[in-house]
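Every chain is numbered from 1, with letters handed out A, B, ... down the list of sequences.
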There are 2 protein chains.
Amino acid sequence: MAKYLNQNPVLVAVDCIIFGYDGENLKLLLIKRAIEPEKNKWSLMGGFIGENENLDGAAQRILLELTGLHDVYLEQLHAYGTPDRDPIERTISVAYFALIDINKYNKQLNDQYHAEWFKLKEVPKLIFDHDRMVVAAMNKIRYQAALHPILFELLPKKFTIPQLQALYEQVYDSPIDNRNFIRKITASGLLIKQPEKDKSSSRRGAFYFKLDKQKHKAQFQSFLSLTIKPK
Amino acid sequence: MAKYLNQNPVLVAVDCIIFGYDGENLKLLLIKRAIEPEKNKWSLMGGFIGENENLDGAAQRILLELTGLHDVYLEQLHAYGTPDRDPIERTISVAYFALIDINKYNKQLNDQYHAEWFKLKEVPKLIFDHDRMVVAAMNKIRYQAALHPILFELLPKKFTIPQLQALYEQVYDSPIDNRNFIRKITASGLLIKQPEKDKSSSRRGAFYFKLDKQKHKAQFQSFLSLTIKPK
DNA sequence: TCAAAAGTGTTTACGTTACACCCATGC
DNA sequence: GCATGGGTGTAACGTAAACACTTTTGA
């Protein structure tokens with residue numbers, strides 16, 4: 001069949017803003033760009049879309065290449081298309097953000113990209129419009145996490161409530177009252193208490209919890225207000 | 001400078017989901033597709049991105065072409081990239097939704113596209129993946145409108161509270177208690193009462209209000225809860 | 001026994017909901 | 001004078017916020 005006439009095709013890339021949490025700090029996974037231009041500058045992990053791939057699939061592939069992880073929480077963020085955003089050739093980029101358990105990643109480290117985790121407040125200048133993307137991703141996560149229980153994606157299967165609270169505090173960059181936090185979280189019914197404690201960060205130890213995946217799935221679409229309302 | 005090697009460029013289009021409100025029904029503006037394939041089938045208004053345009057600019061241009069309107073509320077919805085979504089040639093589509101005052105449009109009607117307004121519940125089958133886009137746009141509007149005062153974009157400069165309420169009822173497809181609605185809306189401080197009444201829909205008449213644009217802008221980012229929480 | 005983090009309840013304030021009647025007007 | 005839609009108030013309820021002390025245990 002005929003093609004559309006007089007149109008100019010462009011490259012389409014996918015860039016991933018990858019968040020991880022180590023139980024203490026919220027971090028971003030960055031790579032050293034391997035090709036010119038801006039070779040060896042810090043960059044988001046990205047790649048061009050394949051011929052038989054859809055956008056989500058490309059994002060999954062890119063994440064797999066960098067981290068070795070399947071089944072990662074991925075969400076489309078925004079498409080960026082300023083004509084000169086890539087100086088070499090016109091490229092539309094569809095940005096995705098990912099939330100991963102940083103410890104899982106560590107086991108399957110793939111180092112060909114010189115990837116490094118940066119604390120959010122210590123993220124270096126990035127190439128092209130990647131800084132904008134990171135800011136947008138952070139805003140979106142704050143938005144989403146205020147309404148849906150997405151932050152569990154950043155935690156290991158077993159986690160403690162103090163860990164969870166610290167994560168929320170990092171995301172919103174503000175302190176949370178622990179009594180109110182515990183009440184809200186337990187009232188949500190999303191957590192299942194485990195018999196064991198994590199003794200690594202206190203003498204007394206904190207009970208582990210697991211996420212009730214049934215309820216998590218069921219409640220995901222219901223708007224929750226798990227924390228602070230973002231201003 | 002060299003180009004990226006071994007990559008396959010694709011077409012990038014922008015499709016607009018255009019919502020309008022006539023004071024009674026929430027409607028969608030559709031066109032009869034002018035070119036093959038699927039010629040003469042109902043479709044969203046769209047177009048390919050121009051060489052010196054960014055994505056937002058392309059959406060604005062497309063909207064201007066169809067409606068004659070500048071300065072329309074436009075928001076990027078999602079990028080769609082299934083390989084075969086357009087049977088002719090691989091095309092990534094970035095969908096935008098627009099909220100316009102349907103009466104403004106009527107004055108500047110541009111009929112070369114055989115555009116027609118459809119009540120939301122009477123939208124016909126659309127080409128390609130445009131049905132999905134409409135559903136996604138509707139969900140996003142519900143989401144956004146629950147948190148931000150965006151629905152004013154659908155109303156004329158002067159509007160009555162009953163009109164506004166009917167609009168919310170359309171968007172959420174559920175009845176709203178008028179006493180509570182009035183209280184919330186007036187408490188928001190977003191409305192400025194006008195001395196005149198609209199007598200067109202009742203004997204008593206309903207006061208016109210204007211939007212306080214200063215406050216609207218200021219409050220836009222603060223999360224509001226203007227209506228029903230969507231389930 | 002002391003330091004350090006985990007866990008537990010209560011009170012108050014505020015926002016949301018539910019609910020019913022009077023008002024203004026044109027016919 | 002009556003039908004039609006517009007506008008007003010209050011009480012009950014539930015959720016969120018503020019707030020301080022006891023518990024556990026390893027050093």
Side-chain angles (χ1 to χ4, degrees), chain A residues 23-24 145-149 155 158-170 172 174-210 219 222-231, chain B residues 23-24 145-149 155 158-170 172 174-210 219 222-231:
Chain A
E24 196 167 341
L147 301 168
H148 306 285
L155 291 165
K158 290 181 186 179
F159 53 87
T160 67
I161 291 189
Q163 278 168 12
L164 181 64
Q165 179 175 341
L167 173 55
Y168 273 94
E169 289 178 333
Q170 297 258 331
Y172 293 101
S174 62
I176 298 174
D177 181 283
N178 74 327
R179 293 158 289 187
N180 292 334
F181 184 76
I182 293 170
R183 183 168 337 102
K184 270 198 192 177
I185 286 292
T186 53
S188 75
L190 289 173
L191 299 192
I192 304 172
K193 194 172 193 169
Q194 301 304 111
E196 326 89 78
K197 285 184 165 185
D198 166 32
K199 296 254 186 178
S200 67
S201 65
S202 77
R203 301 199 158 90
R204 182 178 177 176
F207 279 105
Y208 280 114
F209 288 81
K210 285 201 306 191
Q219 290 189 21
S222 68
F223 286 41
L224 297 174
S225 177
L226 282 173
T227 70
I228 299 162
K229 288 191 187 179
K231 312 173 276 205
Chain B
E24 197 166 341
L147 301 168
H148 306 285
L155 292 164
K158 290 180 187 179
F159 53 86
T160 67
I161 291 188
Q163 280 168 11
L164 181 64
Q165 179 175 340
L167 173 55
Y168 273 93
E169 289 176 334
Q170 298 257 331
Y172 293 100
S174 63
I176 298 174
D177 182 282
N178 73 329
R179 292 159 290 189
N180 293 334
F181 183 78
I182 293 169
R183 184 168 336 102
K184 270 197 192 177
I185 287 291
T186 53
S188 77
L190 289 173
L191 300 191
I192 304 171
K193 195 173 194 169
Q194 301 304 111
E196 327 88 79
K197 285 183 167 186
D198 165 32
K199 297 254 186 176
S200 67
S201 65
S202 77
R203 301 199 158 89
R204 181 177 178 178
F207 281 105
Y208 281 114
F209 288 81
K210 285 200 305 190
Q219 291 189 21
S222 68
F223 286 42
L224 297 175
S225 177
L226 282 174
T227 70
I228 299 162
K229 286 191 190 180
K231 306 177 281 212

Derivation and outcome, ring-ring contact (aromatic ring centres under 6.0 Å, His included), residues A:Tyr208 and A:Phe159: CA-CA 5 Å; A:Tyr208 280 114; A:Phe159 53 87; 8.7 Å; no
What integer distance in Å separates [X]:[atom1] from [N]:[atom2]?
X	N	atom1	atom2	value
B:Asp198	D:dT4	CG	C1'	14 Å
B:Lys193	D:dG7	NZ	P	7 Å
A:Gln163	C:dA5	CD	P	14 Å
A:Lys184	D:dG14	NZ	P	18 Å
B:Leu191	D:dG7	CG	C1'	15 Å
B:Gln165	D:dT8	CD	C1'	14 Å
B:Ile161	D:dT8	CD1	P	8 Å
B:Phe181	D:dG6	CZ	C1'	14 Å

Any N or O donor-acceptor pair linking the side chain of [X] to the base of [N] at under 3.5 Å?
X	N	result
B:Arg179	C:dT16	no
A:Arg204	D:dT23	yes
B:Asn180	C:dA18	yes

Measure from the side chain of [X], starting at C-beta and using heavy atoms only, and say which of [options] lies closest.
X	options	result
B:Arg203	D:dA17, D:dT4, C:dG7	D:dT4
A:Pro162	D:dT25, D:dA18, C:dA6	C:dA6
A:Arg183	D:dT10, C:dT10, D:dG5	C:dT10
B:Ile182	C:dT8, D:dT8, D:dA17	D:dT8
A:Ser201	D:dA17, C:dA6, D:dG9	C:dA6

B:Lys199 vs C:dG26: side-chain N/O to OP1/OP2 distance below 4.0 Å: yes
Row check, A:Phe209 ring normal vs A:Lys193 NZ/CZ: under 6.0 Å, within 45°: no
Residue closer to the 5' end of DNA chain D, A:Asn178 versus A:Gly205 (nearest nucleotide): A:Asn178
Does [X] use its side chain to pair, donor to acceptor, with the backbone of [Y] at less than 3.5 Å?
X	Y	answer
B:Tyr172	B:Ala146	yes
B:Gln165	B:Ile176	yes
A:Gln194	A:Lys158	no

